[in-house]
Amino acid sequence: MAIKLTTTRQQAQTNGVKVLVYGQAGAGKTVLCATTPDHSKTIILSAESGLLSIGEADIDVVTIESVDDLMEAYRWLTETEQGLSYEWICLDSISEIAEVVLNKAKKESKDPRAAYGDMQEKVEDAIRAFRDLPRNVYFAAKLEAYQDDAKVIRYRPMFPGQKLSANVPYFFDEVFLMRVDKDEHGNPLHYLQTRADTKYPAKDRSGKLDVNERPNLAAIAAKIRGSQQQIQATQTTETETSIETNEA
């Protein structure tokens, strides 16, 4: 077998940006789908019904109601001319998709432990498959609170089953928390936390992002790739999408 030699720089430039963002309901996770550079080259795989907040963006959507739907979408995205044309793939949300997989596993198994094990295997396989696509992929996830061994309340991306919730952040180089605070006028201020603190996991392995970033996938991808020219173009020409606080 011939050795395929490449470099870390080439890998970073050609493999696409893979981002996991988690947060509470209404934080703006779905709206992030509408901050890609080109909506005509963006597609959303939606397991939720909360797309009202980006209705004006006119982005293609595939509805996911089962694990079969998800894998059929994967095949379509990797084997058809139209599917291969998308530069950004958004899974909204991977938490809800995991619940869909678990519900099916429960119906097919009399043993709850076996159902959770089957769900974990299928969801992890699906995450790896989409993560490893040579395109940009955005995974949205819900947020959950849990109590650690020291009885301290902490937070993490929400998935059915403790093992899956603990494992998923390790699949990604970029894990962000979508936060909502208030500015000096009392208006909602949405931003992405890219570093972990004592209660919330987050990471930026590119090392190119600020601790707090504005919620814009185009700008974040440009920063990670180191394209200063693209960052400046994005900042001056983008049309800001207002974030509806009732987004699911």
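As a basis for the values below, the full set of heavy atoms in this structure was taken, side chains included, without hydrogen atoms, waters or symmetry mates.
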Exercise for the section: Output, in order, the C-alpha distance, side-chain angles, deciding distance and verdict of side-chain contact (heavy atoms from CB on, under 4.5 Å) for Leu164 and Val123. Expected result: CA-CA 9 Å; Leu164 189 59; Val123 172; 3.9 Å; yes
Exercise for the section: Measure from NZ or CZ of Arg135 to the centre of the six-membered ring of Tyr86 and say whether it is under 6.0 Å with the direction within 45° of the ring axis. Expected result: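 Pair Arg135/Tyr86 does not count as cation-pi.
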Exercise for the section: Compare every heavy atom of Gln193 with every heavy atom of Ala202, then report the nearest pair and how far apart it is. Expected result: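 That would be CB-O, 3.6 Å.
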Practice task
Please list, chain by chain and in numerical order, all residues satisfying ring pair (Phe, Tyr, Trp, His ring centres under 6.0 Å) with Phe139, sequence neighbours excluded.
Solution key: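 For Phe139 the ring pair (Phe, Tyr, Trp, His ring centres under 6.0 Å) partners, ignoring immediate neighbours, are Phe172.
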Exercise for the section: Give the cluster check for Ile89 versus Trp76: same hydrophobic cluster or not, with ILVMFWY residues linked at side-chain heavy-atom distances below 4.5 Å. Expected result: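 Ile89 clusters together with Trp76.
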Exercise for the section: Report whether Ile220 and Met178 are members of the same hydrophobic cluster (ILVMFWY, side-chain heavy atoms less than 4.5 Å apart, transitive linking). Expected result: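 They do share one cluster, since a chain of ILVMFWY contacts under 4.5 Å joins Ile220 to Met178.
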Exercise for the section: Give the intermediate values and the outcome of side-chain contact (heavy atoms from CB on, under 4.5 Å) for residues Glu174 and Leu209. Expected result: CA-CA 10 Å; Glu174 308 296 325; Leu209 302 179; 3.9 Å; yes
Problem - Nearest non-hydrogen partners of Cys33 and Ile59, listed with the distance - result: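 Of all heavy-atom pairs spanning Cys33 and Ile59, the closest is O-CD1, 3.6 Å.
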Exercise for the section: Could you state whether Tyr138 and Tyr22 fall into the same hydrophobic cluster, counting links through intermediate Ile, Leu, Val, Met, Phe, Trp or Tyr residues with side-chain heavy atoms under 4.5 angstrom apart? Expected result: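 No; Tyr22 is not reachable from Tyr138 via cluster members.
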Practice task
Please identify each residue that fulfils side-chain hydrogen bond (donor to acceptor under 3.5 Å, both in side chains) with Ser46, with sequence neighbours left out.
Solution key: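 side-chain hydrogen bond (donor to acceptor under 3.5 Å, both in side chains) list for Ser46, sorted by chain: empty.
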Problem - Note: Asp204-Arg195 ion pair, threshold 4.0 Å (strictly below) - result: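 A salt bridge links Asp204 with Arg195.
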Show me, pair by pair, the donor-acceptor contacts under 3.5 angstrom made by side chains of residues 124-132, not counting sequence neighbours?
residue	atom	partner	partner atom	Å
Glu124	OE2	Gln120	NE2	3.2
Glu124	OE2	Asn167	ND2	3.1
Arg131	NH1	Phe171	O	3.1

Handout entry: Expected output: side-chain Lys208 to main-chain Ile224 donor-acceptor under 3.5 Å
Key =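 Yes, the answer is positive, given that a donor and an acceptor are paired below the 3.5 Å cut-off.
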Problem - From Leu189 atom CG to Asp183 atom CG, the distance as rounded to the nearest 0.5 Å - result: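 Here the rounded value is 6.0 Å.
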Practice task
Could you tell me which residues satisfy side chain to side chain contact (heavy atoms under 4.5 Å, CB included) with Glu65, sequence neighbours excluded, listed by chain and number?
Solution key: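 Partners of Glu65 under the side chain to side chain contact (heavy atoms under 4.5 Å, CB included) test: Thr63, Asp69.
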Practice task
Enumerate the residue pairs fulfilling side-chain hydrogen bond (donor to acceptor under 3.5 Å, both in side chains) with a member in residues 104-116, sequence neighbours excluded, ordered by first and then second residue.
Solution key: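 The answer is Asp68-Lys104.
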Handout entry: Taking every non-hydrogen atom, the tightest pair across Pro169 and Leu20
Key =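 Pro169 and Leu20 have their closest heavy atoms at CA-CD2, 4.5 Å.
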Practice task
Could you grab the distance from atom CG of Asp92 to atom CG of Leu32, nearest 0.5 Å is fine?
Solution key: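 The CG atom of Asp92 sits 9.5 Å away from the CG atom of Leu32.
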Practice task
Indicate, with yes or no, if Leu91 and Leu133 share a hydrophobic cluster defined by side-chain heavy-atom contacts under 4.5 Å among Ile, Leu, Val, Met, Phe, Trp and Tyr.
Solution key: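 Yes; tracing contacts between hydrophobic side chains, which count when under 4.5 Å, links both residues.
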Practice task
Taking Ser165 for its side chain and Phe159 for its backbone only, find out whether a donor-acceptor pair lies under 3.5 Å.
Solution key: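 Yes; judged by distance alone, with no hydrogens or angles, the pair exists.
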Practice task
Using atom types as modelled and distance alone, determine if a side-chain donor or acceptor of Asn15 lies under 3.5 Å from a backbone N or O of Pro134.
Solution key: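 No.
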Exercise for the section: For His190 and Pro215, indicate whether the former's side chain and the latter's backbone hold a donor-acceptor pair under 3.5 Å. Expected result: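 Not a single qualifying donor-acceptor pair exists.
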Handout entry: Single-linkage hydrophobic cluster Val17~Val21, side-chain heavy atoms < 4.5 angstrom
Key =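 Looking at the clustering, Val21 is in the same group as Val17.
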Counting only pairs under 3.5 Å, give me each side-chain donor-acceptor contact of residues 94-102, with atom names and distances, residues two or more places apart or in other chains.
residue	atom	partner	partner atom	Å
Ser95	OG	Lys142	N	2.9
Ser95	OG	Met158	O	2.7
Glu96	OE1	Lys142	NZ	2.7

Practice task
Please test Leu177 against Asp197 for side-chain contact (heavy atoms from CB on, under 4.5 Å), starting from the C-alpha separation and ending with a verdict.
Solution key: CA-CA 11 Å; Leu177 168 66; Asp197 58 26; 5.8 Å; no
Exercise for the section: Would you check, one step at a time, whether the test side-chain contact (heavy atoms from CB on, under 4.5 Å) holds for Thr30 with Ile54? Expected result: CA-CA 8 Å; Thr30 295; Ile54 56 172; 3.8 Å; yes
Handout entry: Side chains of Asp60 and Thr42 in contact at under 4.5 Å (non-hydrogen atoms)
Key =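 No - every pair of side-chain heavy atoms lies 4.5 Å or more apart.
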Practice task
Heavy atoms only: give me the nearest Tyr155-Pro201 pair and the separation to one decimal.
Solution key: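 Taking Tyr155 first and Pro201 second, the nearest heavy atoms are O-CD, 2.9 Å.
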Practice task
Kindly say whether Glu213 contributes a backbone atom to a donor-acceptor pair with the side chain of Asp210 at under 3.5 angstrom?
Solution key: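 A pair under 3.5 Å: no.
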Handout entry: Distance in Å, Glu72 CD paired with Tyr74 OH, rounded so as to fall on 0.5 Å steps
Key =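 So the CD of Glu72 and the OH of Tyr74 are separated by 13.0 Å.
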Practice task
Rounded to the nearest 0.5 Å, what's the gap from CH2 on Trp88 to CG on Asn136? Could you check?
Solution key: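 Reported to 0.5 Å precision, the distance equals 4.5 Å.
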Problem - Salt bridge present between Glu144 and Arg156 (N-O < 4.0 angstrom) - result: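 Looking at Arg156 together with Glu144, the answer is yes, because their closest N to O distance falls below 4.0 Å.
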Handout entry: Least distance between heavy atoms, Ala115 atom then Ala105 atom
Key =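 Taking every non-hydrogen atom into account, O-CB, 3.5 Å.
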Handout entry: Distance, nearest 0.5 Å, that separates OG1 of Thr36 from NZ of Lys41
Key =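 It comes to 11.0 Å.
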Practice task
Would you give the length of the straight line joining atom CD of Gln82 to atom CG of Leu77, rounded to the nearest 0.5 angstrom?
Solution key: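 Gln82 CD to Leu77 CG: 9.5 Å, rounded to 0.5 Å.
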